[in-house]
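Data block below; observations after.
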2 protein chains.
Amino acid sequence: MMSSVTQDRPYSQTLTRLREAGLRPTRQRLALGRLLFDGGDRHVTAEALHEEAQAAGVSVSLATVYNTLHQFTEAQLLREVVVDSARTYFDTNVSDHHHFFLENSGSLMDIDGDKIAVTGLPQAPEGTDVARVDVIVRLHGAPRQAS
Amino acid sequence: MMSSVTQDRPYSQTLTRLREAGLRPTRQRLALGRLLFDGGDRHVTAEALHEEAQAAGVSVSLATVYNTLHQFTEAQLLREVVVDSARTYFDTNVSDHHHFFLENSGSLMDIDGDKIAVTGLPQAPEGTDVARVDVIVRLHGAPRQAS
DNA sequence: TCAACAACTTAGAACGATTCTAAAATTGAG
DNA sequence: CTCAATTTTAGAATCGTTCTAAGTTGTTGA
């Protein structure tokens, strides 16, 4: 089933994705969608994506970038990652996975969901459901090198 | 060794702790320290602690609450918990442990560090050290109850 | 004891990320 | 093409947090 649906082209079929999410394929959404989904998994902040769009010659306001990121998140095309109270990251990898977070540079790296196992979790308190389990491995750059 | 040093009284020896941390025991720091350390583990935000202090008749500015929380954190009397990009939580439990986070109410609950095991972690990228591994179990209130 | 200086507190301004507003522009349907 | 609904946008507003500069307090040592 669904043989190579997402593999057919190196491109993201952003148009289709937007349609399926019930979002009008506007110039801005298409451009941002392509920046986000063409080529590998990405972790972006609103500011960063905005700058990237500008640099690519796409004129989008910062407000629209925020709107779009949130709409994409609701549509499950993105996932929010909370690792730093100063900024919000959006992750194009929406599968079950975790993160390395390099505190020096503020960069994120995915850790495959089925590489890690979390065992011994107490059951969730009465009346609550587990929505998600996040594992964040915080890293510090180790400037010193054993020469 | 250190038999019951931290158990002798239900009180926090805040004065001693401040001295050891090289922080002058000012009226404000003592009051905040007592609110934080007398009685069980706590998770507070700056705003919340500020209100609590006011309610307790302690006059402290919000700026001082922020300063104090950061100084306590540097002194290892507190630990920052990042779970919500909108606010910063400070945890009086500085031992190795993890958290349940109730997204509805914004409340945190500790999960003992030795109850949980995280296995299969890939090794940290070249040139980096693991500073900490955080496990956050995000919960949603389940209003519906099987009657 | 108390002077003197460093450490500390504070009000309010400043800040940076994010959200809101309301008005203008675009989109899709017919 | 027209029109209504949706989307975009500039700029104002908000919110948590940090900064600033001035006043206060704690400590030290004569």
Side-chain angles (χ1 to χ4, degrees), chain A residues 14-36 43-54 56-75 77-78 80-90 106 108, chain B residues 14-36 43-54 56-75 77-78 80-90 106 108:
Chain A
T14 296
L15 211 171
T16 310
R17 294 203 201 197
L18 292 180
R19 288 250 162 74
E20 280 168 3
L23 296 168
R24 283 192 186 173
T26 63
R27 179 175 61 71
Q28 292 85 340
R29 296 213 268 234
L30 282 166
L32 294 176
R34 290 196 186 106
L35 287 175
L36 289 168
H43 302 94
V44 303
T45 61
E47 285 286 355
L49 183 58
H50 184 231
E51 279 166 27
E52 194 177 328
Q54 309 283 243
V58 179
S59 140
V60 205
S61 71
L62 184 55
T64 296
V65 172
Y66 274 104
N67 290 339
T68 303
L69 287 172
H70 287 135
Q71 292 152 358
F72 283 11
T73 301
E74 274 168 43
L77 301 176
L78 291 177
E80 255 185 77
V81 184
V82 180
V83 282
D84 181 344
S85 55
R87 72 193 82 263
T88 301
Y89 289 85
F90 293 85
L108 281 165
Chain B
T14 297
L15 210 171
T16 310
R17 294 204 201 196
L18 292 179
R19 288 250 162 74
E20 280 168 3
L23 296 169
R24 283 191 186 174
T26 63
R27 180 175 60 70
Q28 293 85 339
R29 297 213 269 235
L30 282 166
L32 295 176
R34 290 194 186 107
L35 287 175
L36 289 169
H43 302 94
V44 303
T45 62
E47 286 285 355
L49 182 60
H50 184 229
E51 280 166 26
E52 194 177 330
Q54 310 283 239
V58 179
S59 138
V60 205
S61 72
L62 184 54
T64 296
V65 173
Y66 274 104
N67 290 340
T68 303
L69 287 172
H70 288 135
Q71 291 152 358
F72 283 12
T73 301
E74 273 168 45
L77 301 176
L78 291 177
E80 256 184 78
V81 184
V82 179
V83 281
D84 180 344
S85 55
R87 72 193 81 265
T88 302
Y89 289 84
F90 293 85
L108 280 166

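Chain identifiers are assigned alphabetically (A, B, ...) following the order of the sequence lines, protein sequences preceding nucleic acid strands; residue numbering begins at 1 within each chain.
- C:dC8 atom C1' lies 15 Å from atom CD of B:E74, rounded to whole Å.
- Looking at which nucleotide of DNA chain D each of B:R24 and B:E47 is closest to, the 5′-most match is held by B:E47.
- Between A:Y89 atom OH and C:dT18 atom P there is a gap of 10 Å when expressed in whole angstrom units.
- If B:L62 and A:Q71 are placed on DNA chain D by their nearest nucleotide, the residue sitting closer to the 5' end is A:Q71.
- We find that CZ of A:R29 is positioned 6 Å from C1' of D:dT7, with the value rounded to whole Å.
- Comparing atom distances between the B:Y66 side chain and each of D:dT9, D:dT7, D:dG16 picks out D:dG16 as nearest.
- Regarding B:L69, its CG atom lies at a distance of 15 Å from the P atom of D:dG16, rounded to whole Å.
- Counting any heavy atom pair closer than 4.0 Å across all strands shown, B:T88 reaches sugar-phosphate atoms only and no base atom.
- If B:S85 and B:V65 are placed on DNA chain C by their nearest nucleotide, the residue sitting closer to the 5' end is B:V65.
- Residue B:R19 contributes atom CZ, which lies 12 Å from atom P of D:dG26 at whole-angstrom precision.
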Criterion side-chain contact (heavy atoms from CB on, under 4.5 Å) on A:E47 and A:R87, from CA distance to verdict: CA-CA 9 Å; A:E47 285 286 355; A:R87 72 193 82 263; over 6 Å; no
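- Distances shown here put every side-chain N or O of B:Q28 at or beyond 4.0 Å from the OP1 or OP2 atom of D:dT24.
- Residue A:T64 places none of its side-chain N or O atoms closer than 4.0 Å to OP1 or OP2 of D:dT8.
- At the heavy-atom level, B:S59 lies under 4.0 Å from the strands shown only through sugar-phosphate atoms.
- Within the structure, every side-chain polar atom (N or O) of A:H70 is placed at least 4.0 Å from both OP1 and OP2 of C:dT18.
- Straight-line distance from the CZ atom of B:R87 to the C1' atom of C:dT18: 14 Å, rounded to whole Å.
- Among the nucleotides C:dT10, D:dT27, D:dT8, the one closest to the side chain of B:P25 is D:dT27.
- Atom-to-atom, CG of A:N67 to P of C:dT18 comes out at 13 Å; the value is rounded to the nearest Å.
- A:L32 pairs with exactly one of A:L49, A:L69, A:V44 by the side-chain contact (heavy atoms from CB on, under 4.5 Å) rule, that one being A:L49.
- At the heavy-atom level, B:H50 lies nowhere under 4.0 Å from the strands shown.
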Steps toward ring-ring contact (aromatic ring centres under 6.0 Å, His included) verdict (B:F90, B:H70): CA-CA 9 Å; B:F90 293 85; B:H70 288 135; 5.7 Å; yes
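- For B:T26 and C:dT9, the shortest distance from a side-chain N or O to OP1 or OP2 is below 4.0 Å.
- Between atom CG of residue A:L18 and atom OG1 of residue A:T68 there is a gap of 9.0 Å, rounded to the nearest 0.5 Å.
- If you take CD of B:E80 and P of D:dT18, they are 8 Å apart, rounded to a whole angstrom.
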Steps toward side-chain contact (heavy atoms from CB on, under 4.5 Å) verdict (B:V82, A:D84): CA-CA 7 Å; B:V82 179; A:D84 181 344; 5.7 Å; no
